[in-house]
J.: 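Take this structure, written in structure tokens, and hold onto it; I'll ask about it next.
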Number of protein chains: 2
Amino acid sequence: MSRPAKFDRDEALQAAMLIFWEKGYHATSLKDLECALKMKPGSIYSAFCNKENLYLLALGLYVQRSINRFRAHMEQANSPLTGLAEYIRGFARLAPEDVACQVCMLTKTLVDATSTEPKIADQAKIHLGHIRQAFADAFERAKAEGELPDHADCTHLARRFQGTIAALRFELHLGIEQTDIAALAEELAGDVETLRLNAPDHPHLITATSFGVTPT
Amino acid sequence: MSRPAKFDRDEALQAAMLIFWEKGYHATSLKDLECALKMKPGSIYSAFCNKENLYLLALGLYVQRSINRFRAHMEQANSPLTGLAEYIRGFARLAPEDVACQVCMLTKTLVDATSTEPKIADQAKIHLGHIRQAFADAFERAKAEGELPDHADCTHLARRFQGTIAALRFELHLGIEQTDIAALAEELAGDVETLRLNAPDHPHLITATSFGVTPT
DNA sequence: TGAGTTAATGATCGATTACTCAACAACTTT
DNA sequence: AAAGTTGTTGAGTAATCGATCATTAACTCA
């Protein structure tokens, strides 16, 4: 029975995600979406209800992919703490592809939508909490493997980790030199690895020469 | 000769700054501006040319005030490094007034305007550079007063300082608990003070228990 | 093949957008 | 008080906004 849909829903959602990510909610018009999704207005509305709902779906896709990518990255890491540090370094490598996709879409959403689209902002906050939880889980695994002291506050570490990444991505967005970005990422990643207990080459004796800590 | 203007230009610019800061460039309509400035469209256009120009002027006012406030704060500080640390703590205190004004307007501008309003984005980048320079100057003073080692990279420290503040303000924006914000701000401020050389109660021997460094 | 079902279309909707301008008002100067 | 100059006004511009829907096209099943 009936006629099957011609368009690929996942493909369309991905296209929506990319254009929303690039331009933001308010600056993305239906015309933009028509071009990006290669669908006429009627089809968009029958498939996704309205612009707000489409944005929420696109944001969900973004979060799902982000968490999947993080988990996949952590699985192939030598240790949880190494994986977390390496995750930071990764941002310096993906640098110059799309100017607008360097800022986290959730950050952008919150900044863009808080005062005008509370529904979207609330959802973004929930998503950010989930990502933070994925980070916290990784720190918990680090603790379980003896990389962190028992009294370490993993939720707090996750918050700091998330803030660190946001700051790094914002520098990316600002467009500073590739070498500076790499150095900054290296420094931030080093801060994470400095948390490690009993590291043979990273004793607890450290001196602060920059913002974070640099082992001597 | 001629009729004098009825409206107060500074007052109008301040009102524009506040509403732009709250809603962002795209989500602020001329209707919003008419209400906020208490001016009719014709008057707005005769006084400020167009929406983009009004935004640029409002952003300029924001930056001027930000830098003035920072300089004033630093002048009444016991030392440059203490002033910088205290500046961070200050963000935790101003917490819950306006939900939308917790994020730096320049950050918001860059996120909001990069892909659609290059002129505004470029100006925001320039402004951010000026603020960073004000931070760097403060670090230089700290170095001159012997609070930092001679080899300290003040530009780099300023960048980290700016990123730290952005991350803290983003947490404010997320609406975490007042006590958590205070603790986070205290920790971040502590990281700054840990840079101090020859502090009698902060020897160089420190252990990393959180992200930054905590003196033992 | 024809009946039934649903996807796709795009002209069109009213509302809103940034913006303009001719008419008017208010002030200064002569 | 008259002339001259400039600020203020708000109805109105064309364009675009998000969203709709009658119509048509494309498929499945009997």
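Below, all heavy atoms of this structure are taken into account, side chains as well, without hydrogens, waters or symmetry copies. Per chain, numbering begins at 1; letters A, B, ... match sequence-line order.
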J.: Sub-3.5 Å donor-acceptor pair from the side chain of W21(B) to the main-chain atoms of V103(B), do we have one?
T.: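 Here the side-chain-to-backbone pair exists.
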
J.: For a quick check under 3.5 Å, do R132(B) and T155(B) share a side-chain donor-acceptor pair by atom type?
T.: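 Not at all, the side chains of R132(B) and T155(B) share no donor-acceptor pair under 3.5 Å.
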
J.: Starting from C1' on dT8(D), measure out to CE on M39(B) and report it in whole angstrom.
T.: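 Checked: the CE to C1' distance equals 9 Å.
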
J.: For the ring pair F20(B) and Y62(B), is the centre-to-centre distance below 6.0 Å?
T.: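 Aromatic pair excluded; centres sit 6.0 Å or further apart.
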
J.: Any sub-3.5 Å donor-acceptor pair from K119(A)'s side-chain atoms to L56(A)'s backbone N or O?
T.: no

J.: Each nucleotide in nucleotides 10-23 of chain C should get exactly one letter: B, S or -. Can you fill that in based on protein heavy atoms under 4.0 Å?
T.: BB-----SSBBB--

J.: Checking S29(B) against D32(B): is there a side-chain donor and acceptor pair closer than 3.5 Å?
T.: yes

J.: Less than 4.0 angstrom between a side-chain N/O of K6(B) and OP1 or OP2 of dT6(D), yes or no?
T.: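 So the side chain of K6(B) is outside the cut-off, no N or O lying under 4.0 Å from OP1 or OP2 of dT6(D).
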
